[in-house]
Amino acid sequence: MSPRRGRPGHDQNSMLEVIVQVFTDHGYDASSLGMIADRLGLSKSAVYHHFASKAEMLEIALERVLGELERVFDEAEAQSGDAVLQIRYVVLEAVQVACAKQQYLTLLLRLHGNSDVELRALKRRRKLTGRLRKMFEAARAEGSLRDDLDPGLAARFTFGLVNSLVEWYRPDGPDSPEELSVAVLGYVRTGLRVNETRDFR
């Protein structure tokens, strides 16, 4: 969905960052158009010049992170080679997305499924977990994943580790997204590998 053009100094992209913060601070259901307009310093009608509804605001915001994660999986699945290489790619890139789209991922993780937009987003999120589970299933079939660990749990553990970044990552902190992606991959590799010769290196 392409950004709408509007009043000088206020475009959809810059407004969306403020709107997402309102949704995160108060919850999507409790956030009113009045709260959003006040935070932006605009009238309600000016906000509606850029967005058709509160639901559209949420849908566009969630696309910012879900679209990026789906792209990561598409690129990983397009690669040839062992499943562990696909998992490695997903972990490294998903951490980058979590850092770059921290606000949007936080919003996604706090959804309750009380609207059609939320339900669609949660369904897409479950599909991503399913795609990672299939990668772990393939890795186990290749002999690269511990056979005592369920692939579904492996997928949930991995996403749990990536998603935890929203709670403490700071862009001005000591660790860069690149450094964090390598660190997260190290934890995943240590917990899931079957031996020292075939792992996620």
Side-chain angles (χ1 to χ4, degrees), residues 1-7 9-33 35-37 39-42 46-78 89-132 155 158-173 175-178 180-181 184:
M1 193 175 296
S2 59
R4 296 184 185 179
R5 299 177 62 184
R7 292 174 52 183
H10 295 94
D11 60 49
Q12 194 182 71
N13 288 327
S14 61
M15 291 172 66
L16 198 60
E17 293 185 7
V18 177
I19 291 167
V20 168
Q21 192 59 58
V22 174
F23 288 164
T24 302
D25 290 345
H26 301 282
Y28 173 69
D29 290 334
S31 298
S32 67
L33 180 61
M35 290 178 183
I36 293 168
R39 187 77 67 92
L40 288 165
L42 296 172
V47 176
Y48 274 137
H49 181 82
H50 297 267
F51 299 93
S53 64
K54 194 175 81 164
E56 185 187 54
M57 298 173 193
L58 180 63
E59 189 167 28
I60 294 172
L62 294 172
E63 180 62 31
R64 297 291 170 89
V65 63
L66 285 167
E68 282 297 293
L69 289 172
E70 287 166 348
R71 173 192 59 79
V72 167
F73 274 87
D74 289 344
E75 291 174 354
E77 291 167 350
Y89 185 88
V90 166
V91 172
L92 291 173
E93 292 297 316
V95 171
Q96 299 279 338
V97 172
C99 292
K101 305 294 183 180
Q102 186 177 13
Q103 271 187 296
Y104 302 98
L105 180 57
T106 300
L107 178 63
L108 173 64
L109 296 176
R110 294 183 183 179
L111 294 183
H112 298 295
N114 295 331
S115 68
D116 290 341
V117 174
E118 293 173 90
L119 289 172
R120 287 195 298 271
L122 292 174
K123 183 177 181 180
R124 290 171 71 182
R125 184 183 170 193
R126 289 193 296 271
K127 284 185 176 180
L128 291 172
T129 303
R131 292 170 78 174
L132 186 56
T158 301
F159 263 133
L161 190 55
V162 173
N163 292 339
S164 70
L165 292 169
V166 302
E167 301 297 334
W168 56 267
Y169 169 71
R170 296 292 177 269
D172 58 352
D175 300 310
S176 69
E178 292 77 14
L180 289 173
S181 65
V184 170

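Please read all numbers here as calculations on a predicted model, not as lab measurements. Heavy-atom basis, side chains included; hydrogens, waters and symmetry copies ignored.
Annotation: the span from Arg120 atom CZ to Glu63 atom CD amounts to 11.0 Å, rounded to 0.5 Å. Going from atom CG of Leu108 over to atom CZ of Arg64 covers 14.5 Å, rounded to the nearest 0.5 Å. Here CG of Leu107 is found 5.0 Å from OG1 of Thr24. Values are rounded to the nearest 0.5 Å. One distance of note links CG of Leu16 with CG of Leu40; it measures 10.0 Å at 0.5 Å rounding.
Ring orientation note: the planes of Tyr28 and Phe23 are nearly perpendicular, at an angle over 60° on the 30°/60° scale.
Contact of the Arg125 side chain with the Leu69 side chain is not registered, since no non-hydrogen atoms from C-beta on lie closer than 4.5 Å. Within the 4.5 Å cutoff, side-chain heavy atoms of Phe51 are placed close to those of Ile19. Side-chain contact between Met57 and Leu33 is present, with heavy atoms from C-beta onward closer than 4.5 Å. Side-chain contact between Leu62 and Leu111: present, with at least one pair of heavy atoms (C-beta onward) separated by less than 4.5 Å. Inter-residue side-chain proximity for Val65 and Glu68 is flagged as unmet; no heavy-atom pair is nearer than 4.5 Å. At least one side-chain heavy atom of Leu42 sits less than 4.5 Å from a side-chain heavy atom of Met15.
In terms of heavy atoms, Pro177 sits closest to Val95 at O-CG1, 4.0 Å. Nearest heavy-atom pair, Ala98 versus Leu105, reported as atom, atom and distance to 0.1 Å: CB-CD2, 3.7 Å. The two residues Ser181 and Gln96 make their nearest non-hydrogen contact at OG-NE2, 3.7 Å. Minimum interatomic distance between Gly113 and Leu119 (heavy atoms only, all atoms of both residues): O-CD2, 3.5 Å. Nearest heavy atom pair, residue Ala61 against residue Val20, reads CB-CG2, 3.6 Å. Here the closest heavy-atom approach between residue Gln102 and residue Tyr169 is recorded as NE2-O, 2.9 Å.
A side-chain N or O of Gln21 and one of Gln103 form a donor-acceptor pair less than 3.5 Å apart. Side-chain polar atoms of Tyr89 and Glu75 form a donor-acceptor pair below 3.5 angstrom.
Considering only residues two or more places apart in sequence or on other chains, Glu77 meets the salt bridge (charged side-chain N to carboxylate O under 4.0 Å, His left out) condition with Arg131.
Ser31 contributes a side-chain N or O that, together with a main-chain N or O of Val22, makes up a donor-acceptor pair within less than 3.5 Å. Checked by atom type and distance alone, the side chain of Glu118 pairs as donor or acceptor with a backbone atom of Ser115 at under 3.5 Å. Formation of a donor-acceptor pair under 3.5 Å by the Glu59 side chain with backbone atoms of Val117 is not found in this model.
For the salt bridge (charged side-chain N to carboxylate O under 4.0 Å, His left out) condition, no pair includes a residue of residues 100-116, sequence neighbours left out.
In this structure, Arg170 does not pair ionically with Asp175, as no charged nitrogen and carboxylate oxygen lie closer than 4.0 Å.
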Exercise for the section: For the pair Phe159 and Leu128, evaluate side-chain contact (heavy atoms from CB on, under 4.5 Å) and give the outcome as yes or no after the intermediate values. Expected result: CA-CA 9 Å; Phe159 263 133; Leu128 291 172; 4.2 Å; yes

Handout entry: Verdict with reasoning, Leu161 to Val91, per side-chain contact (heavy atoms from CB on, under 4.5 Å)
Key = CA-CA 10 Å; Leu161 190 55; Val91 172; over 6 Å; no

